[in-house]
Protein chains: 2
Amino acid sequence: MDINSTGRPPGRPREFEIEDALDKAIIVFSERGYHAASISELKDAMGLAAGSLYKAFKDKKAIFLASFDRYKQVRNALLDQELAEGANGRDKVSRMLRFYAEASHGENGRRGCLVVGTAIELAVYDADAAERVGRSMARTEAMIEALIREGQADGSIPPAIDPLATAHVLLSVTQGLRVLGKTGPNRDRAFSVVDAAMKLLD
Amino acid sequence: MDINSTGRPPGRPREFEIEDALDKAIIVFSERGYHAASISELKDAMGLAAGSLYKAFKDKKAIFLASFDRYKQVRNALLDQELAEGANGRDKVSRMLRFYAEASHGENGRRGCLVVGTAIELAVYDADAAERVGRSMARTEAMIEALIREGQADGSIPPAIDPLATAHVLLSVTQGLRVLGKTGPNRDRAFSVVDAAMKLLD
DNA sequence: TCTATTTGGGAACGATCGTTTCCAAACTAA
DNA sequence: TTAGTTTGGAAACGATCGTTCCCAAATAGA
């Protein structure tokens with residue numbers, strides 16, 4: 001290492017945090033969708049000039065994919081945190097469903113899920129988007145299946161339950177909640193779905 | 001009535017059927033979404049010149065809303081036809097779920113549901129879209145609830161089932177299936193969701 | 001036949017899109 | 001200092017968007 005090295009790259013330092021900017025972009029993309037979100041809207045929301053945006057990201061799609069990845073990272077961390085408090089497998093499944101119900105009503109519900117939005121608007125004709133959606137769905141489903149098996153191991157879920165098939169249904173329920181949340185059912189309705197769905201584990 | 005009246009309006013007659021054109025527009029809007037579907041794509045798919053399009057419809061949004069209404073009309077008719085063959089309430093619920101599963105895999109799945117697409121892409125900031133999505137969801141949910149009550153009346157569904165809460169979950173499942181179908185699970189997976197979901201009626 | 005009306009079709013319009021360019025500013029390394 | 005590099009920010013670019021205009025064609029009614 002050079003004695004004079006500051007560990008900083010050459011050139012003028014960036015004056016904003018990429019992740020802060022992405023958090024703003026996530027809101028715009030979630031509410032408006034990919035195509036309706038213009039660069040003009042994005043730069044205003046992110047507090048950047050167009051030039052700065054294009055120095056940080058290759059193009060609009062790169063902004064979107066980075067937003068998607070950031071969204072997944074944040075949501076996954078929040079969900080993992082919630083699941084860590086679960087008493088057993090069954091309780092963890094319930095907490096997972098409640099996590100989605102919480103995000104599927106009111107203002108958050110109207111804002112929408114970036115994964116669902118990407119699946120609907122982009123995945124069909126964009127391979128990068130499709131791969132990310134596919135990985136997200138597979139991860140969530142595998143997680144649900146693992147929670148069911150955990151519940152069967154700790155006795156909170158009957159052994160007769162088919163873990164994979166039930167994980168399929170519960171994944172459908174979570175994605176469906178996100179769709180319904182867009183047109184705003186109230187909180188009680190979203191949570192009544194959770195209670196009724198838990199019957200699948202009896 | 002005038003003797004000479006042909007019952008035809010004045011001016012040059014339209015050379016295409018509105019409903020045929022809308023059936024083509026439905027495909028474009030379903031695959032691409034509202035914003036990504038350009039007038040250029042629409043007129044090519046519908047086989048019309050831009051001028052003719054704008055004589056038949058006020059603007060792009062009017063084309064979309066007419067496509068939505070046509071889509072709902074066709075799908076509702078198909079579903080009603082399928083339900084008419086059901087033996088009892090439980091069988092009808094099963095047929096309804098299979099109807100959605102059939103539309104949620106392969107090419108049809110990738111094409112997607114216009115109701116879900118509208119909910120995700122348009123409903124948040126367009127009142128006309130939101131109203132149509134809301135009415136569609138309410139109709140479907142009311143239908144499911146009615147089928148459950150029918151099953152309870154004919155003995156095919158236990159009386160202990162909560163018709164409204166169960167209708168909530170099953171509606172979520174159908175909308176979730178449509179989302180998952182966009183990234184293309186295979187036929188068996190879509191139908192395994194139906195089988196597992198039917199457990200809610202035990 | 002003449003007028004009024006409507007459609008078909010293509011050319012043209014202004015607006016907005018995503019992107020690039022340009023220059024001053026801020027930094028490192030020599 | 002000087003050269004090299006990167007960012008901030010605004011102005012500008014070509015492309016495409018949704019929409020309108022215009023004219024020939026096709027019809028009804030008089």
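Source: prediction; values computed, not measured. Letters A, B, ... mirror the listed sequences (proteins, then strands); counts begin at 1.
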Student: Where the side chain of B:Arg12 is defined as all heavy atoms beyond and including C-beta, which of D:dG18, D:dA24, C:dG18 is the nearest nucleotide?
Tutor: D:dA24

Student: Give a yes/no answer on whether the side chain of B:Tyr54 brings an N or O atom under 4.0 Å of OP1 or OP2 in D:dT19.
Tutor: yes

Student: Give A:Ala37 one of three labels, base, sugar-phosphate or nothing, depending on what nucleic acid heavy atoms sit under 4.0 Å from its own.
Tutor: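 Since only primed, P, OP1 and OP2 atoms lie under 4.0 Å of A:Ala37, the category is sugar-phosphate.
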
Student: Can you give me the closest heavy-atom contact between B:Ser172 and A:Leu180, atom names plus distance?
Tutor: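 Heavy atoms of B:Ser172 and A:Leu180 come nearest at OG-CD1, 3.3 Å.
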
Student: When you get a sec, tell me which of D:dT5, D:dC17, D:dC22 is the closest nucleotide to the side chain of A:Pro10?
Tutor: D:dT5

Student: NZ of B:Lys199: more than 12 outside heavy atoms within 6.0 angstrom?
Tutor: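 Counting neighbours around NZ of B:Lys199, more than 12 heavy atoms of other residues, nucleotides or ligands fall under 6.0 Å, so yes.
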
Student: Please give me the minimum heavy-atom distance between B:Lys72 and B:Ser136, naming the atom from each residue.
Tutor: NZ-OG, 2.9 Å

Student: Counting only heavy atoms not in B:Lys60 (residues, nucleotides, ligands), do more than 12 fall under 6.0 Å from its NZ?
Tutor: yes

Student: Of the options B:Glu82, B:Glu85, B:Glu150, which is the one that meets B:Lys92 in a salt bridge (Lys or Arg N to Asp or Glu O under 4.0 Å)?
Tutor: B:Glu150

Student: May I have the distance from A:Asp44 (atom CG) to D:dA10 (atom C1'), rounded to whole angstrom?
Tutor: 13 Å

Student: With a 4.5 Å cut-off on side-chain heavy atoms, are B:Arg14 and B:Lys55 touching?
Tutor: no

Student: Considering only C:dG8, D:dT7, D:dA26, which nucleotide approaches the side chain of B:Pro13 most closely?
Tutor: D:dA26

Student: Counting heavy atoms from C-beta on, name the nucleotide in C:dT6, C:dG9, C:dT20 closest to the side chain of B:Lys55.
Tutor: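 Nearest to the side chain of B:Lys55 among the choices is C:dG9.
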
Student: Measuring from the side chain of A:Ala49 (C-beta onward, heavy atoms only), which nucleotide among C:dT19, D:dG9, C:dG8 has the closest atom?
Tutor: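 So the nucleotide nearest the side chain must be D:dG9.
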
Student: Can you tell me which nucleotide in D:dG8, C:dT7, C:dG18 comes closest to the side chain of A:Ser52?
Tutor: D:dG8

Student: Within this structure, what is the CG-to-P distance between A:Leu53 and D:dG9, rounded to whole angstrom?
Tutor: 11 Å

Student: A:Glu41 has an atom CD; how far is it from atom P of C:dT16, in whole Å?
Tutor: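 My rounded result for the distance is 12 Å.
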
Student: Grab the NZ-P distance between A:Lys61 and C:dT19 for me, whole Å please.
Tutor: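 A:Lys61 atom NZ is separated from C:dT19 atom P by 11 Å.
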
Student: Of all the nucleotides listed (D:dC17, C:dG8, D:dG8), which has the minimum atom distance to the side chain of A:Phe16?
Tutor: D:dG8

Student: Identify the two heavy atoms, one from B:Ser30 and one from B:Gly112, that lie closest to each other, and give their separation to 0.1 Å.
Tutor: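 Closest approach of B:Ser30 to B:Gly112, heavy atoms only: CB-O, 4.0 Å.
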
Student: How many whole angstroms separate atom CG of B:Leu48 from atom C1' of C:dT7?
Tutor: 11 Å

Student: With distance as the sole criterion, do the side chain of B:Lys43 and the base of C:dG10 form a donor-acceptor contact below 3.5 Å?
Tutor: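 Looking at the base of C:dG10, it does not pair with any donor or acceptor on the side chain of B:Lys43 (distance under 3.5 Å).
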
Student: To the nearest Å, give me how far apart CZ (A:Arg14) and P (D:dG9) are.
Tutor: 13 Å

Student: Has B:Lys61 got more than 12 heavy atoms of other residues, nucleotides or ligands less than 6.0 Å from its NZ?
Tutor: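 Count over threshold, so yes.
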
Student: Rounded to the nearest angstrom, tell me the gap between atom CG in B:Asp59 and atom C1' in D:dT19.
Tutor: 9 Å

Student: Let me spell it out: for each of A:Ala56 and B:Tyr34, pick the nucleotide of DNA chain D with the closest heavy atom. Which residue's pick is nearer the 5' end?
Tutor: A:Ala56

Student: Under a 4.0 Å heavy-atom cut-off, which of residues 24-32 of chain A touch DNA chain C?
Tutor: none

Student: Can you identify which nucleotide, out of D:dT20, C:dG18, D:dG18, has its nearest atom closest to the B:Ala50 side chain?
Tutor: D:dT20

Student: Within this structure, what is the CD-to-P distance between A:Glu15 and C:dA26, rounded to whole angstrom?
Tutor: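 Interatomic distance, CD of A:Glu15 to P of C:dA26: 8 Å.
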
